[in-house]
Structure formats: structure tokens, C-alpha cells
Amino acid sequence: MPPQKRATLLIKNIGQLVTLAGPAPRLGAQMKQLEIIKNGGIAAAADEIIAVGKSVEIERQTEIAESCMVIDAKEAVVTPGLIDPHTHPVFSMTREEEFEMRTLGKTYEEIAQAGGGIRASVRDLRTAPRELILKQTKARLDRLLAHGITTAEAKSGYGLSTDSEIMQLEIIKKLDETHAIELVPTFLGAHEIPDEFQNKRSEYIRLLIEEMLPVVAFRQLAEFCDVFCEEHVYTIDESRKIQEAAKKLGLGLKFHADELKSTGGAKLAASLGAVSADHLVYISDSGIKALAASRTVATLLPGTSFSLRSKQYAPARKLIEAGAIVALATDCNPGSSYTESLPFITTLASLQMRLTAAEALSAITVNAACAIGRQNKLGRLEPGMQADLVIWNMQDYREMPYHYAVNLVNQVIKKGKQVLVN
Ligand code: NIG
Ligand code: FE
């Protein structure tokens, strides 16, 4: 038997240790089973969890390294580090005037067609100094971490030229190396058609396929390729063409699908074996069936419906009951959902999509890990998994959706190290 690893981190006296041990993904009724250990304890050696159980047993049985950090959780809740599987954090200018225009009655599409929206962010980012964008993006990651997020998917998509898309992916790479948050990079050159290609969209699509994607893949700047498949943006045929090219280059696939209208994006995502199809507010019944029959994760972003003042939320209950893999994300971006708080997203999921606290927690841990292809390492507290966890100022995990718009994070541990204490 190999010698037991010595603990470098031990957390004791955990009131509710929410492990989510077991299957990844969690489907249907499994989303309600969090595998909570009362009076729990957990030990890690370097970045890996080595023991999970009752506090007294962990304290008695674990061999401790001299330098071991011991934390008394004082009966609080501990969960896996939260995973945000859909963010657009690399932008410069914010768009509060658009938020106000919506307050006064304009719609997101009207604002975009009048020259605002994504293309306004693109015009700005192309001329913003790189150091400024880096600093602004870092501040957003700080806020994500402060809300208990230890891993986030991060998209490009506000450059829409080869150089500026690469620049955004380089910023993501640099921050992944230097920030406590782990980032999973996604290339979103197909976020919009930039101004200079408005009347020659096929030329932009050619540039995406023949120039941008090959460079991104060759330089390993992204794990995934995403497309905004939507009316007025990329059609189903254009999206298929772009994603088939990305797949050939070895990239995994993600989709912005059925967000504003039902266009069949979810079905296309499932048929191409995408890792996730995101938004899905207007997914059809056949789209739900297609996702349920696939391994493509349905990543729902209720912050977007909320911030767009829409009454329409993705049919989460139907998706869960059909057997689709359901995850939740912030969609953190300057236009349709400017928030770094996944806990607040669980409030929206509970009140607007009828997810229980347990289902919502499964959706931002184990199932979110599946949405970024990290389910073997992240999203559950079990021996062998990465030691990413959050100690909360809560006695009961159901406080997460219930006690909204305040930050209840007490401490964040990433790769076995304490990275934040509130
Ligand atoms: O996920 N849908 C496309 N992209 C973002 C919006 C980006 C923006 O408005 O800047 C979204 O909603
Ligand atoms: Fe998005």
C-alpha cells in the first residue's frame, strides 16, 4: 500500500459538508441529492483532497504535515468551489446607458440594431490599451472569486479581428496563470458580424474559418469554440459551418442557442456533440428531446432574462424532467447580464425557474464541471478531486438562494490553499 499522504490542509467542525459525491453529471432526481455530511471534516495534501468524512474521524485518522493549516469551520456550510461555465469577462467599456434605455422601454435587439450592443463593445475594445483591459478583467475575476467561484469559463468575442481576438485570449491565459481563479478559455470570434463586414458576412465567416480558428488552435489559446446562433447574428447553416471547422481543429464546441428566438440552435449543438448549449430560453420541445438524448449540457443563464426585463426564462423543469444535464452560469458580460454573483443566479433559478436550492447547487458545481469538461477533477468533494472549496457564512446550504444580494462567502480555498478570507 502506498504511504498515506500527509495533510497540508485540514478543515474541521463543518456543520454541513456538501460533498456532491457520486455521479457526474447528476440527472433528474439526482440533482436533489447533495450527499451532505453533518459535523464533517476534510483534508487535502497539496492541491488534492485526501480524506472526507466526520470531523472527529478526519481529525483522528489523518496524518498531518508540519506546515498543515487547520481551519475550524465553526459549524458553517462548506461546498465545492463554485464553477461558472459561461462568462464574457474581457471587455473595457461598460454599457450602463443601455441598461437605462431598457429601463425606459427599449429592447436589447433594438439597441443592438441601432449600433449599440456587442458591436459597441467591439469598437471600444479595439482601441483600448491592453494593460487597461487586463486590469479591468482582473477586477472582474476578483469579484467572481469573492462570490465563491474558483473556476470560470472565459470567452473572447469583443474583438472580432484576428489580432484583437488573440489579444483577449492571451489576457485570459495570463490571468489563468496569475490569478487564483482557474480559467477555461473559449474562442468566440463568431459573437457578431463586425461593422466592416456588415455587407459581406460570408467574407467574415471565411476569415473566421481560414485564419482565426487555425491560429487559435495552433497556439492552443482556446479549448472551446462558441457561436452566437441567433436571428440577426449567425444562422443555423453558418453556425454549423464554423463549428464543423472548429471541431476538425480539435476544439470542443459551445453554443449561444435559442436565446432570443427559437432557431434550432440546441438541436444543432446536440447533433455536433457540443459540450454545452447555453441560454435556451426559447428551446423547442424537440430541442429538449435532442439535449436529453445527448451529453450536451444545457447551461441556463437566468441573469440574462432578468437583466433584459424578459418574463421568459428557460424551461429548466422540463429540461430536468426530460433527463437533460442542467447547469447554471452568470453570463457575466457588459450588455445582457453584468453580475459576478453565481449565488444570486441561484436565487433567480429558484424563484423564476423553480429549481430547489439543492438542484441549483448541483447546477453550479458538478454539472457546471461537465459543461467545461472538468468533471473528473472539479465540482465534487471526494478523495482524488482538486481541493477547491468554499466556507460560507451559512448554517444551512438553502440560505444560498434564500438570502439574496449579499455576499455570504467566508473563505475560499483553491488548489488546497486559502486564497480569500472575508
Ligand atoms: O450571452 N448572447 C450573446 N452574448 C452575450 C451578450 C453580450 C453583450 O451584449 O455584450 C450574451 O447574452
Ligand atoms: Fe453569453
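Note that ligands are numbered from 1 as they come in the structure, with each ligand's atoms numbered from 1 the same way. Each residue takes its place number in the sequence, starting with 1.
Protein heavy atom at the shortest distance from atom 2 (N) of ligand 1 is E259 OE1, 2.7 Å. When only non-hydrogen protein atoms are considered, atom 4 (N) of ligand 1 lies nearest to H191 NE2, 2.8 Å. Here the protein heavy atom with the shortest distance to atom 3 (C) of ligand 1 is F228 CE2, 3.3 Å. For atom 11 (C) of ligand 1, the closest non-hydrogen atom of the protein is D331 OD2, 3.2 Å. Atom 12 (O) of ligand 1 has its closest protein heavy atom at S336 OG, 2.5 Å.
Look at E223 and R374 and you find a salt bridge, because one of the NZ, NE, NH1 or NH2 atoms lies within 4.0 Å of a carboxylate O, short of that distance. A salt bridge links K414 with E182: the closest approach of a Lys/Arg side-chain nitrogen to an acidic carboxylate oxygen falls below 4.0 angstrom. Salt bridge D396/R398: present, at least one basic N to carboxylate O contact under 4.0 Å.
Pairing each heavy atom of I14 with each of A73, the nearest pair is CG1-CB, 3.8 Å.
Counting heavy atoms closer than 4.0 Å to ligand 1, residue H88 contributes side-chain atoms (C-beta onward) but none from N, CA, C or O.
Ring-centre distance between Y234 and F255: not below the 6.0 Å cut-off. Residues F344 and F306 place their aromatic rings such that the two centres sit under 6.0 Å apart.
The N/O atoms of T304, backbone and side chain alike, include none that comes under 3.5 Å of an N/O atom in ligand 1. Considering backbone and side-chain atoms together, S121 places no N or O closer than 3.5 Å to any N or O of ligand 1.
Under a cutoff of 6.0 Å and an axis angle of 45°, R140 and F91 form a cation-pi pair. Geometric assessment of K254 against the ring of F224 yields a positive cation-pi assignment under the 6.0 Å and 45° thresholds.
Computed with the Fe ion (ligand 2) at the centre, the H86 NE2 to H256 NE2 angle is 90°, stated to 10 degrees. Angle NE2 (H88) to the Fe ion (ligand 2) to OD1 (D331): 90°, rounded to 10°.
Backbone or side-chain N, O or S atoms of H279 do not reach the Fe ion (ligand 2) at under 2.8 Å.
Close contacts between ligand 1 and R95 involve ligand atoms 8 (C), 9 (O), 10 (O) [criterion: under 4.0 Å to a heavy atom].
Among Y158, Y108, F91, the residue whose heavy atom lies closest to atom 10 (O) of ligand 1 is Y158.
V78 has its side chain out of reach of V18: every pair of non-hydrogen atoms, C-beta onward, lies at least 4.5 Å apart.
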